[in-house]
Asks: 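Questions regarding the structure given below will be posed in turn.
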Number of protein chains: 2
Amino acid sequence: MNGSNHVGFNQADGSEEECPDSHEVACAQCKLHGFLKFFEESDLIALNIFLSRRIPVAKGAILFDALASFRGIYAVKSGSFKSFSQLDPSGEQIQGFFLPGELIGLDSIHSSHYGYSAVAMETSSVCWLPFEHLDDLGERKSFFQEQVIRILVDQVRHDHHQTLLVGRRTAEERLGAFLLNLSERYGRHGFNGEAFRLPMLQNDIANYLGLSMETVCRLLRGFREQGVLSIQGKRLRILNPDCLRSIAHLC
Amino acid sequence: MNGSNHVGFNQADGSEEECPDSHEVACAQCKLHGFLKFFEESDLIALNIFLSRRIPVAKGAILFDALASFRGIYAVKSGSFKSFSQLDPSGEQIQGFFLPGELIGLDSIHSSHYGYSAVAMETSSVCWLPFEHLDDLGERKSFFQEQVIRILVDQVRHDHHQTLLVGRRTAEERLGAFLLNLSERYGRHGFNGEAFRLPMLQNDIANYLGLSMETVCRLLRGFREQGVLSIQGKRLRILNPDCLRSIAHLC
DNA sequence: CGTATTGTTGACGCGGCTCAAATGGAGTGG
DNA sequence: CCACTCCATTTGAGCCGCGTCAACAATACG
């Protein structure tokens with residue numbers, strides 16, 4: 001767990017501060033780190049040539065377009081993103097949210113285009129791992145693919161759960177499970193899972209969960225009145241996680 | 001597209017008839033075939049040592065249990081399966097249906113357990129590809145993994161679509177899209193996409209789509225009365241695909 | 001400070017769930 | 001072949017969750 005046997009990331013740039021921005025995910029907590037940690041040092045040096053670190057992305061800026069040709073995966077370093085498809089002319093359908101430490105675009109591997117768009121919901125920064133030189137890894141490519149498979153499997157699991165959630169649960173259960181999911185993800189990447197920012201609009205939450213904005217708003221008020229959580233602006237605090245779990249029927 | 005450059009499958013057993021059962025998928029149309037077709041002949045001979053072909057599975061029999069340890073993937077040769085998780089004590093949640101030519105269990109790769117159960121909805125047969133000797137493939141393992149990734153990506157795409165479908169569409173749109181999806185899948189694997197069996201119970205369809213059985217029943221009657229399709233027993237015939245597409249809002 | 005965007009609240013209607021009961025069909029044993 | 005059972009399907013009645021519409025408040029932003 002000591003990161004000293006790995007090249008790159010924060011340590012690569014000696015002049016870099018330890019923690020320049022408290023809202024930034026630590027490299028050791030980033031999924032990109034887990035992605036690469038099976039490589040030997042020599043490979044990592046090669047990979048680091050291609051790894052672009054901390055690209056700033058302005059709020060509302062498009063990370064990639066649905067029609068953009070696949071050029072690698074991104075890791076959210078700070079800020080947050082949403083992905084959506086435009087299939088329906090009536091508006092966008094939000095596919096997912098991406099918090100610091102999470103990867104975007106992996107499911108477009110082996111496709112010519114990304115197939116969906118990703119935009120920053122706030123001022124953000126990403127690391128970018130281009131995939132074009134992957135074949136240079138030679139025999140080690142298999143390790144790399146194993147990580148890809150591992151993460152894709154995770155996503156399949158999550159999507160199954162999401163389908164179940166959106167299809168068969170009440171609005172209250174969906175929103176509760178959604179908040180718990182956010183909490184768990186923040187916690188996993190080294191943030192406080194009990195108190196965090198809700199970077200997305202209520203409109204986006206509603207869209208994602210297949211609900212109306214008004215229902216989301218009313219439910220949040222209900223949760224507040226039950227003392228389950230508190231909201232001020234975009235800051236959320238979960239006061240009673242057990243109660244929230246029982247609401248979401250995830251005991 | 002001539003299958004003669006590949007070893008194994010039907011051709012391997014010289015005494016085997018061409019088409020002993022018209023309800024059986026042709027090997028050239030099976031996803032397992034696509035899965036293996038990138039291998040050289042020598043590798044395929046090795047793989048075929050492990051490939052168990054045409055294992056019969058009785059109606060209602062469990063192919064694998066949620067707690068069974070992962071032992072490889074199955075290809076449906078004839079019949080059909082449903083997969084489901086038992087998370088909810090109130091009953092099963094159906095995750096998917098598997099028709100002849102389709103693969104079951106791939107998303108459990110790199111897990112200790114399957115994580116969900118699969119049972120035969122009718123008298124069926126499968127081919128089984130154990131994964132335990134995959135490392136024997138050596139450098140060619142990478143090709144294999146590439147296929148795994150390709151199929152997992154397909155599944156992620158499908159699951160996203162499913163989430164969207166189940167979350168934001170009316171009951172009519174969901175059922176229409178479901179039937180069209182079945183039609184497309186039967187067609188893709190060499191069957192008649194306009195007239196096929198509905199192997200699952202209406203109860204299962206309802207569960208899968210997040211609807212009640214009664215709603216599914218009423219909607220099917222509506223489709224029949226509109227002349228969109230005809231049903232006798234479990235046999236379904238799509239009389240007006242364009243109308244069904246417009247109902248499903250997939251033009 | 002003004003404008004645009006997001007969030008809040010109420011009234012109302014309907015899609016689809018629930019409950020309940022009847023009908024049909026497949027399998028089984030006599 | 002029939003009688004019986006079990007399960008699936010069908011149909012109806014009633015109700016409620018949540019979407020829609022509309023008006024207004026609050027917040028963000030230039």
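Below, chains carry the letters A, B, ... as their sequence lines are ordered, and counting in each starts from 1.
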Asks: Rounded to whole angstroms, how far apart are CD1 on A:Ile231 and P on D:dT27?
Replies: 13 Å

Asks: Rounded to the nearest angstrom, tell me the gap between atom CG in A:Asn203 and atom C1' in C:dT5.
Replies: 11 Å

Asks: Indicate the ring-plane relationship of B:Tyr116 and B:Tyr114, choosing parallel, tilted or perpendicular according to the 30° and 60° boundaries.
Replies: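 Aromatic pair B:Tyr116/B:Tyr114 classed perpendicular.
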
Asks: Can a side chain N or O of B:Arg174 be found less than 4.0 Å away from OP1 or OP2 on C:dG15?
Replies: no

Asks: Do any side-chain nitrogens or oxygens of A:Lys234 fall under 4.0 Å of OP1 or OP2 in C:dT6?
Replies: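 So the side chain of A:Lys234 is outside the cut-off, no N or O lying under 4.0 Å from OP1 or OP2 of C:dT6.
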
Asks: What integer distance in Å separates B:Leu175:CG from C:dC17:P?
Replies: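 After rounding, the gap between these two atoms is 12 Å.
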
Asks: Mind calculating the distance between CG (B:Leu220) and P (C:dG16) to the nearest angstrom?
Replies: 14 Å

Asks: Relative to the ring of B:Phe97, is the ring of B:Phe178 parallel (under 30°), tilted (30 to 60°) or perpendicular (over 60°)?
Replies: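 Correct class here is perpendicular.
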
Asks: Any Lys/Arg nitrogen of A:Arg237 or A:Glu194 sitting under 4.0 Å from an Asp/Glu carboxylate oxygen of the other?
Replies: no

Asks: Rounded to whole angstroms, how far apart are CD on B:Gln202 and P on C:dC17?
Replies: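 Whole-Å distance recorded here is 14 Å.
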
Asks: Measure from CG on A:Leu219 to P on D:dG17 and round the result to the nearest Å.
Replies: 12 Å

Asks: How long is the span from the CG atom in B:Leu165 to the CG atom in B:Leu209, to the nearest 0.5 Å?
Replies: 7.0 Å

Asks: Is the shortest distance from a Lys or Arg side-chain nitrogen in B:Glu173 or B:Arg168 to a carboxylate oxygen in the other one below 4.0 Å?
Replies: no

Asks: Quick one: which of D:dT11, C:dT18, D:dT9 gets closest to the side chain of B:Met213?
Replies: D:dT9

Asks: State whether A:Thr215 places a side-chain N or O below 4.0 Å from either non-bridging phosphate oxygen (OP1 or OP2) of D:dG19.
Replies: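 True: A:Thr215 side-chain N/O within range (under 4.0 Å) of D:dG19 OP1/OP2.
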
Asks: Please give, in whole Å, the distance from C:dG15 P to B:Glu214 CD?
Replies: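 In whole Å, C:dG15 P and B:Glu214 CD are 17 Å from each other.
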
Asks: Could A:Arg157 and B:Asp107 be called an ion pair, given the rule that one side-chain N must be under 4.0 Å from one carboxylate O?
Replies: no

Asks: May I ask you to verify if any side-chain N or O of B:Lys59 is less than 4.0 angstrom from the OP1 or OP2 atom of C:dA26?
Replies: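 B:Lys59 to C:dA26 OP1/OP2: no side-chain N or O under 4.0 Å.
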
Asks: Do A:Glu184 and A:Arg188 meet the salt-bridge criterion of a basic N to acidic O distance under 4.0 Å?
Replies: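 Salt bridge flag = yes for A:Glu184 with A:Arg188.
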
Asks: With a 4.0 Å cut-off, would you call A:Glu225 and A:Arg221 a salt bridge?
Replies: yes

Asks: Output the single nucleotide from C:dG7, D:dT9, C:dG16 whose closest atom is nearest the side chain of B:Cys217.
Replies: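 Output: D:dT9.
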
Asks: Between A:Glu172 and A:Gly233, who's closer to the 5' end of DNA chain D by nearest nucleotide?
Replies: A:Glu172

Asks: Out of D:dG19, D:dC18, D:dT9, which has the shortest distance to the side chain of A:Leu211?
Replies: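 Comparing D:dG19, D:dC18, D:dT9 against the side chain of A:Leu211, the answer is D:dG19.
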
Asks: If an axis is fit to five pairs at each end of the helix from C:dC1-D:dG30 to C:dG30-D:dC1, what is the angle between the two, to the nearest 10°?
Replies: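 Inter-axis angle at the ends, rounded: 50°.
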
Asks: Rounded to whole Å, how long is the line connecting atom CZ of A:Arg224 with atom C1' of C:dG7?
Replies: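 Taking atom C1' of C:dG7 as the reference, CZ of A:Arg224 is at 10 Å.
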
Asks: Counting heavy atoms from C-beta on, name the nucleotide in C:dG10, D:dC18, D:dG12 closest to the side chain of A:Arg221.
Replies: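 So the side chain of A:Arg221 is nearest to C:dG10.
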
Asks: Between C:dT9, D:dT10, D:dC18, which nucleotide has the shortest distance from any of its atoms to the side chain of A:Arg218?
Replies: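 Closest of the options to the side chain of A:Arg218: C:dT9.
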
